[in-house]
Number of protein chains: 2
Amino acid sequence: MTTEARIPLSRERVLRTAVALADEHGLPAVTMRRLAEELGAEAMSLYYHVAKKEDVLDGIVDVVAQEINEAVAALEAGPDWKLTARRRILAAREVFLRHRWAPALFGTRSSTSPAVLKYYDNLVGLMREGGFSHDRIHHALHALGSRALGFSQEPFDPGPGASAEVPPEVVAQLPNLVAMLSEIAHDDPDSTLGWCDDQAEFEFGLDLVLDGLDRLR
Amino acid sequence: MTTEARIPLSRERVLRTAVALADEHGLPAVTMRRLAEELGAEAMSLYYHVAKKEDVLDGIVDVVAQEINEAVAALEAGPDWKLTARRRILAAREVFLRHRWAPALFGTRSSTSPAVLKYYDNLVGLMREGGFSHDRIHHALHALGSRALGFSQEPFDPGPGASAEVPPEVVAQLPNLVAMLSEIAHDDPDSTLGWCDDQAEFEFGLDLVLDGLDRLR
DNA sequence: ACCTGAACACCGTTCAAGT
DNA sequence: ACCTGAACACCGTTCAAGT
C-alpha cells in the first residue's frame, strides 16, 4: 500500500503517520494494526518504538503542539501583549483547523506534552512583559481554558440544517431557541452553510476574555 | 452479581446502569458486555432496547443533562439575569462534579440531546428577559462555550506534584512557567493538594465572561 | 415481545522466535 | 538491534433460534 516500505520504522515516523491517518480518516481509524499497515509493517513491530497505544496518542498531541509552536515562532511581536496573544492564539487555531480530531484528543490527555508546556511558557512570558503578576497570569490561563491553545469546546452546536434532525415534539418545547435561530437565519445570508461563522464566533469569545483580562492588568 | 436480576430490561434501566458504571469505573468500563453483566443479562439482549453503543452514549449524555435540568428547576430566580445565570451554571457544574467522565463525553457528541437543548432554551429565555437581542445571545452562547453548561476544558492542568512527572531537561526549558508555579505554590498553603482551586478558577473565568457580556447589553 | 448462543470481524498486547 | 507469527483476552454487532 505505502509507496516506500523500505524506510525503517522509528518513533518519529510512527507518530507522523498516525497524524496523517487521523487527518484523512479520523481518530478512530488510528488503530495499531491500521497504523502498521500504513507503514508497511506488522502491528507488533510498532511496540519496539512506542510503549503502547496511549503513548502514540500522547505522541501525536505533542506533534500537533510542535506544529503550533513553529507557527507561533514565525510571528512578529505586536505593540502590546493583547494583540500579540491574539495573533498567537489565532495562529494556533489554524493548526487545529488542519487537525479537526485534535481538540477532542487534547481534552482527554491528562499527561502534559512538552510542546504544550513550551507554548504556555511563552504565553506566561508574554503576559509577564505585558505587566501582569504571576497570580493574575495563573487566573488568566484558567479563564482562557482551551481557548489559549486555539480551540473552544461547544457542547451545543447545531450543524447545518440541525433543526431537521430534532424531532418536532422536542422542537415544540423550545420556543426561545426557535425564536433565536429563526431570527439569526433570517439575518444571515450564509445560513445554508450552517447558522454560524465559527471563526467570527471564536474571535468574539476570545476578544471578550482578552479584553476582560486587560482590564484587570 | 446484581442484587435484583429479575427486573426486566428497558432503555431507561440500561442508561441508568451505564451512568452508574461510568461513575464507579470510568467511561472505558462502559462496554456492552460489561453493561449487560451489570444488569444480569447477556450483551446481545441490550440490542433489543438500544440501537447500538453510540445510542447508549447519546443516551447517558441526555440522562446527565436531565439531572442538570432538575437541579436548575429547583433554583429561584435572582434579581438580574447575570446572577441567575451564574447560579444555574454553578448548579450544573455540581452535576458534572458527580460525573467526572461527562465533560469529555459531551465534547465528542455531535448529535444534540433534547435535555441539553432544553437547558439552552431556558438560558436564551433568561437572557431575553435580561434585555439581550437574539443576536447578542447567540454570540454569548458561543463565548461561554462549555462554560454555559458548567464545565471548562483545560488542556494544560498539572495535577498535584506535576512538576515531578516532567523530565528535568524539559523543565529547564520552561523558565516562565517554573517562576509562576513556584510563586503560586509559595502563596498557596494548600499547594500540596494541587496548585489550584478548580472551583475558584472556574468562577473567575465564568465571572469574567458574564461581566463582559453584561457590559455589552 | 423479549432474550440468548453461536459466530464474525475487529481490537490491544505478550512473548518467544526469527534475522 | 529490529521485526514478526502465533496466541490471548477482549471488543461491537448480526442473526437465527429459543421462550
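Below, read A as the first sequence line, B as the second, and so on, with proteins coming before strands; counting in each chain starts at 1.
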If I compare all heavy atoms of B:F96 with all of B:L149, which pair ends up nearest, and what's the gap? CE1-O, 3.0 Å
Between D:dA7, D:dC3, D:dT14, which nucleotide gets closest to the side-chain atoms of B:M44? D:dT14
Regarding A:E37 and A:R33, does a basic nitrogen lie under 4.0 Å from an acidic carboxylate oxygen? no
Would you indicate whether the side-chain heavy atoms of B:Y120 and A:L174 approach each other to under 4.5 Å? no
Send over the distance from A:L9 CG to D:dC3 P, rounded to a whole Å. 4 Å
Ranking A:R34 and A:A51 by the position along DNA chain C of their nearest nucleotide, the one closer to 5' is A:R34
Distance, rounded to the nearest Å, where B:M32 contributes CE and D:dA9 contributes C1': 19 Å
A:R109 atom CZ, over 12 foreign heavy atoms within 6.0 Å: yes
Could you state the atom-to-atom distance from CD of A:E37 to P of C:dC10 in whole Å? 11 Å
Can you find a side chain N or O atom of A:H49 that sits less than 4.0 Å from OP1 or OP2 on D:dC3? yes
Residues from residues 14-29 of chain A lying under 4.0 Å of DNA chain D - heavy atoms: none
Using whole Å, report how far CG of B:L35 lies from P of D:dT13. 12 Å
Between D:dT13, D:dC3, C:dG12, spot the one nearest the side chain of B:K53, thanks. D:dT13
Rounded to the nearest Å, what distance is computed from the CD1 atom of residue A:I7 to the P atom of nucleotide D:dC3? 12 Å
Quick one: are B:F204 and A:H142 in side-chain contact, heavy atoms under 4.5 Å? no
Counting side-chain heavy atoms from C-beta on, which of D:dC3, C:dC3, C:dT13 comes nearest to B:Y48? C:dC3
Which nucleotide wins on minimum distance to the side chain of A:E42, given the candidates D:dT4, D:dG12, C:dG5? D:dT4
Provide, to the nearest angstrom, the distance between the CD atom belonging to A:E54 and the C1' atom belonging to C:dT13. 13 Å
Can you tell me the distance, in whole Å, between the CZ atom of B:R33 and the P atom of D:dA9? 14 Å
Where the side chain of A:T31 is defined as all heavy atoms beyond and including C-beta, which of D:dT4, C:dG12, D:dT13 is the nearest nucleotide? C:dG12
Please determine, for D:dT14, whether a Watson-Crick or G-U wobble partner exists with both distances under 3.5 Å, and give it or none. C:dA6
Ionic contact status for B:D23 with B:R98, cut-off 4.0 Å: no
Write down the distance between OH (B:Y47) and C1' (D:dA16), rounded to a whole number of angstrom. 17 Å
So, B:E203 and B:R147, do they make that salt bridge, N to O below 4.0 Å? no
